[in-house]
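Note that the coordinates shown come from a computational prediction; the quantities given were computed from them, not determined experimentally. By convention in this document, chain letters (A, B, ...) are assigned in the order of the sequence lines, proteins followed by strands, and residues within each chain are numbered from 1.
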Amino acid sequence: MKKYKQPSTVGRFGEFGGMYVSETLMPLLLNLDKSYKKIQKDKKFKKELNDLFKNYVGRPSSLHFAKNLSKYINGPKIYFKRDELNHTGAHKINNCLGQILLAKKMGKTRIIAETGAGQHGVATATVCALFGLPCYIYMGSKDIERQKPNVFRMKLLGATIIPVESGSKSLKDAMNEALRDWIKNVRDTFYIIGSTAGPHPYPKMVRDFQSVIGKEAREQILKLEKKLPDYLIACVGGGSNAMGLFYPFLNDKKVKIIGVEAAGRGAKTQETAATMTSGTPGILHGSYSYVLQDNDGQIKEAHSISAGLDYPGVGPEHSYLKDIKRVKYFGITDKEALEAFQTCSKLEGIIPALEPSHALAYLIKAFKNKHKNKVVILNLCGRGDKDLFTAAKAIGFDADE
Amino acid sequence: MNNLDSLPKKKILSLFMTCGFPSLSHSKKIFNEMLSHQPDIIEFGLPFSDPMADGPIIQEANKIALGSKLSTQQSLDLIKYLSKSKNNTSFVIMCYLNTVRKFGLNKFINNIKSIVDGIIIVDLPFEEESAIKKSLSKNNIHLIKLISPMTDKKRSQKLLKGSKGFIYYISATGITGSNKLDYKEINKNVKSIKKMSSVPVLVGFGIKSKKDVIDISKKTNADGVIIGSALIQKYFDLKMDLNKYLKNLKKFIQEVKV
């Protein structure tokens, strides 16, 4: 197999990706790409980022053998890559630190970001507090309602939350508004995109910053099991935690890789966020990738119980990996994810976020009584504190706020 | 014959309106009113669910148009119908790439050739345009170029090579219908564009009134203006009363047609 080398210099993953933005943004993206290339070679930048990873985030995150869940499934040995133990409770901080260091180097003085579940918003607000930069977070009003704890966190961290009332009032619309803000304030503003979506160089840059997850996991599993894992599993919304885990293993042909999407009420229903199962290639937010769209190319609204996966698009690299069949993608419904959310909490004493609960649900469903003697790494990319009210409501528990 | 090739030398007026807004039948009346004044250019916006380079006013117009289940085919049929009374007015489509892609480029071109003179695909950058530009030029449709204040000289030179129709200069670093006009900056950039290209330069984004139109003409070297958001805003200001709006539109166009 040829060594994996994506994207191209113009940000193409095969035919996917690219830069589909207006001329108001193009010069900025080209400039960002140039600056990013420069810091990739900068040893000081690397050292600074690694220090922050170690001392601020608490990296490396552990690779935990989930003994009870493994026994319950009666299948493979399951390891959790515990990125939910990171400072701020999810993998999002990895990317935010990388991007804010870059923003500093580029002399930008104002930070904007979009957020769905609020994890990326919290991570952005956190790094802005750390570096003393003003922070503006675009968040759909529907998400503000269902992610109250994170809204309060961002406010405590000094961020200004800008509610987005347009469209479906969730992640997609927050991203539209953030892009508009960027067009308006191009000169002083840096846009920290939280996923491997958007125009080039974001999908590459976010993947690179998140790939610390996979690099660590690779070293850790080689130490623990003396071999590479047989399977990798991660949830995919925009796809940053999954790319972070998958990327350092893409050349290891024997490692099978699975991405789990949110199928909402079912991949065949209109209420889904399973972009690669139910979508077709199209252009959203500056990038060519699978999207949920109608026959006229109008983008549909996504649905998932998990705000972090509630996005009608997906990162272009995932589209590419799907089409070359390097990664297989499956959908998990709201209901299945909620069950896995409870199973994991009870069995492992870890309350996962609803996003990785989708990956857990697939693992439980597809690996039960199968694949014995195999080793699986699942990216537990976020913790469930933020989802307690949503989950309680869905399960029917009266958790009075 | 491409009407854009015989635009007047100065004081070009281009009017933008979203197709199918607020409904297909009302949209027909609005465009007919616009056409009756024979502006130099009419820009037909094809509604898109995620118009990220447009401001809230045009986004709302898109949403309303799409709310009545307007299809791309219906928009193109509307343009075809209006072209009967086109005369010397240039027809330009403004849209997002996903609309064209999903409809199919060849089918799209077949629907608009000999009707539409130019097309602005907002999110199609120079780097991605070559295949589309080739198909369009075969059918005598000009791909209109956007230049923003962020576009530097080197990039402008690349973009403007062989440009046809007109050049759309984005007056404010901003989305359509926002920010204030900076005439000094506009003049500087328009001058620089004119050194690189011989086609007319039109200033768009943020032009709201007769005063703005006169100021652009007096204080800058631009060859004309594009008015969009302001036309749609009036409809909302008049509480969506179509008859009042048509009267107001008439008055407004007469005013800005200096």
- Heavy-atom proximity to chain A below 4.5 Å, by part of Leu70(B): backbone
- Message: So, taking the atom named CG in Leu179(A) and the one named CG in Asp123(B), what distance separates them when rounded to the nearest 0.5 Å?
- Response: 11.0 Å
- Message: I want to check something: taking the side chain as every heavy atom from C-beta on, are Met19(A) and Glu127(B) in contact at a cut-off of under 4.5 Å?
- Response: no
- Query: Any side-chain heavy atom of Ile299(A) sitting closer than 4.5 Å to one from Phe48(B)?
  - Reply: yes
- Once you round to the nearest 0.5 Å, how far does CG of Leu97(B) lie from OH of Tyr20(A)? 6.5 Å
- Donor-acceptor under 3.5 Å (Arg180(A) side chain, Gly55(B) main chain): no
- Of the non-hydrogen atoms in Gly18(A) and Glu128(B), which two are nearest, and what is the gap between them? CA-OE2, 4.0 Å
- With side chains defined as the heavy atoms from C-beta onward, is the minimum distance between Ile283(A) and Arg101(B) less than 4.5 Å? yes
- Message: Within the structure provided, determine whether Ser22(A) and Val122(B) are in side-chain contact (heavy-atom separation under 4.5 Å).
- Response: yes
- Answer whether the closest heavy-atom distance between the side chains of Pro149(B) and Arg187(A) falls below 4.5 Å. yes
- Item | Atom NZ of Lys142(A): over 12 foreign heavy atoms under 6.0 Å | yes
- For atom NZ of Lys204(A), decide whether the heavy atoms of other residues, nucleotides or ligands shown that lie under 6.0 angstrom number more than 12. yes
- Looking at OH of Tyr96(B) and CG of Leu284(A), how far apart are the two atoms once the value is rounded to the nearest 0.5 Å? 12.0 Å
- Note on the structure: Turns out that what part of Gln59(B) lies under 4.5 Å from chain A's heavy atoms comes down to side chain
- State whether the number of non-hydrogen atoms from other residues, nucleotides or ligands found under 6.0 Å of Gln270(A) atom CD is greater than 12. no
- Take Lys172(A) and Asp50(B) through the salt bridge (charged side-chain N to carboxylate O under 4.0 Å, His left out) test and state the conclusion after the steps. CA-CA 9 Å; Lys172(A) 165 180 92 110; Asp50(B) 292 76; 3.1 Å; yes
- Query: By a 4.5 Å heavy-atom criterion (distance strictly below it), what part of Ile121(B) contacts chain A: side chain, backbone, both, or neither?
  - Reply: neither
- Where on Pro51(B) is there a heavy atom nearer than 4.5 Å to chain A: the side chain, the backbone, both, or neither? both
- Message: Heavy-atom count check: over 12 atoms from other residues, nucleotides or ligands less than 6.0 Å from Lys194(B) NZ?
- Response: yes
- Query: Would you say Thr151(B) and Met26(A) make side-chain contact, with heavy atoms under 4.5 Å?
  - Reply: no
- Message: What I want to check is whether the side chains of Asp296(A) and Thr72(B) have a donor and an acceptor closer together than 3.5 Å.
- Response: yes
- Item | Side chain to side chain, Met150(B) and Thr24(A), heavy atoms closer than 4.5 Å | no
- Item | Closest-packed option against chain A by number of heavy-atom pairs under 4.5 Å, given Val100(B), Leu124(B), Ile147(B), Leu66(B) | Leu66(B)
- Message: Tell me the closest heavy-atom pair linking Leu30(A) and Arg155(B), and the distance in Å.
- Response: CD1-NH1, 3.3 Å
- Do we see a donor-acceptor contact under 3.5 Å between the side chains of Ser148(B) and Glu23(A)? no
- Task: Answer with side chain, backbone, both or neither: which region of Leu25(A) has an atom nearer than 4.5 Å to a non-hydrogen atom of chain B?
- Result: neither
- Task: Step through the shown structure and confirm whether more than 12 heavy atoms of other residues, nucleotides or ligands are within 6.0 Å of CG on Asn295(A).
- Result: no
- Task: Examine distances only and state if a side-chain atom of Asn176(A) and a backbone atom of Met52(B) form a donor-acceptor pair shorter than 3.5 Å.
- Result: no
